[in-house]
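A short worksheet on the structure shown next.
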Amino acid sequence: QVQLVESGGGSVQAGGSLRLSCAVHGYIRKTTCMGWFRQAPAPGKERELVATIDNYDQTRYTDSVKGRFTISQDNDKNTLYLQMNSLKPEDTAMYSCAADPQLYGCTTGSAGYFAYWGRGTQVTVSS
């Protein structure tokens, strides 16, 4: 049984930084796509891909976070990270990590390919 547990969320002012962590519990093979998604509290807002990273450490980001967020992973610690700098109020959302053992998530960016999900950690950015 694979479990993903996020931590590191909180409330910051615009321009601040946060580092999210996602601990992976249970067996997950090395050739797995890992990703961060977020969902803002506004009505009708859909879950949005933030970033993905594959087993070769190839990364992709949604345009709105490029240059501000960095996804990384520590395979020895079975932990995924998201360093978020220059935070903006529009970054306010519930952030969840996810894993796709088939790697399709990294090539498509589609949430539907991710088989395992954490419960999320809230990030709130005030202006």
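Side-chain atoms of E6 come within 3.5 Å of backbone N or O of C97 as a donor-acceptor pair. R29 places a side-chain N or O within donor-acceptor distance of the main-chain N or O of P101, the cut-off being under 3.5 Å. Between the side chain of D100 and the backbone N or O of G105 there is at least one donor-acceptor pair closer than 3.5 Å. Under a 3.5 Å cut-off, the side chain of N75 and the backbone N or O of N78 do not form any donor-acceptor pair. With T92 contributing its side chain and V125 its backbone, the two residues share a donor-acceptor pair below 3.5 Å. A donor-acceptor pair under 3.5 Å is absent between the side-chain atoms of W36 and the main chain of A98, judged by distance alone. Using modelled atom types, no side-chain atom of Q122 and backbone atom of G10 make a donor-acceptor pair closer than 3.5 Å.
When all heavy atoms of F37 and G109 are compared, the pair lying nearest together is CE2-O, 4.4 Å. Across all non-hydrogen atoms, the minimal contact from M34 to I28 is SD-CD1, 4.5 Å. Nearest heavy-atom pair across A93 and P41 is CA-CD, 4.5 Å. Considering every non-hydrogen atom in both P89 and S126, the closest pair reads CG-C, 4.4 Å. Residues R60 and T52 share a closest heavy-atom pair of CG-OG1, 2.7 Å. A pairwise comparison of heavy atoms in D63 and K66 identifies OD1-NZ, 3.0 Å as the closest pair.
Looking at heavy atoms from C-beta onward, R38 lies out of side-chain contact with V123 at the 4.5 angstrom threshold. Looking at heavy atoms from C-beta onward, S64 lies in side-chain contact with E48 at the 4.5 angstrom threshold. With contacts defined as side-chain heavy-atom distances shorter than 4.5 Å, the pair N55/L103 qualifies. K88 has its side chain within reach of R68: a pair of non-hydrogen atoms, C-beta onward, lies under 4.5 Å apart. At a threshold of 4.5 Å between non-hydrogen side-chain atoms, the residues T62 and L49 do not count as touching.
The cluster map of Ile, Leu, Val, Met, Phe, Trp and Tyr, joined by side-chain heavy atoms under 4.5 Å apart, puts Y116 and L82 in the same cluster. In the hydrophobic clustering of ILVMFWY residues, with side-chain heavy atoms under 4.5 Å counting as a link, L4 and V50 come out together. One hydrophobic cluster holds both V65 and L20 under the rule that ILVMFWY side chains link at heavy-atom gaps under 4.5 Å. A chain of hydrophobic side-chain contacts below 4.5 Å, direct or via other Ile, Leu, Val, Met, Phe, Trp or Tyr residues, connects Y95 to V24.
In the model, S17 has a side-chain atom that pairs as donor or acceptor with a side-chain atom of N85 under 3.5 Å.
Atom CD in Q73 sits 13.0 Å away from atom OG in S21 (nearest 0.5 Å). One distance of note links CZ of R19 with CE of M84; it measures 11.5 Å at 0.5 Å rounding. With values rounded to the nearest 0.5 angstrom, Y81 atom OH is found 10.5 Å from C22 atom SG. Here S86 contributes atom OG and F69 contributes atom CZ; the two are 9.0 Å apart, rounded to the nearest 0.5 Å. Between I53 atom CD1 and S72 atom OG the span is 6.5 Å, to the nearest 0.5 Å. Taking CG of L87 as the reference point, atom CG of D91 lies at 5.0 Å (rounded to 0.5 Å).
Geometrically, R47 engages W117 in a cation-pi contact, judged by NZ or CZ lying under 6.0 Å from the ring centre and within 45° of the ring axis.
Between Y113 and Y104, the ring planes lie tilted relative to each other; the angle falls in the 30° to 60° range.
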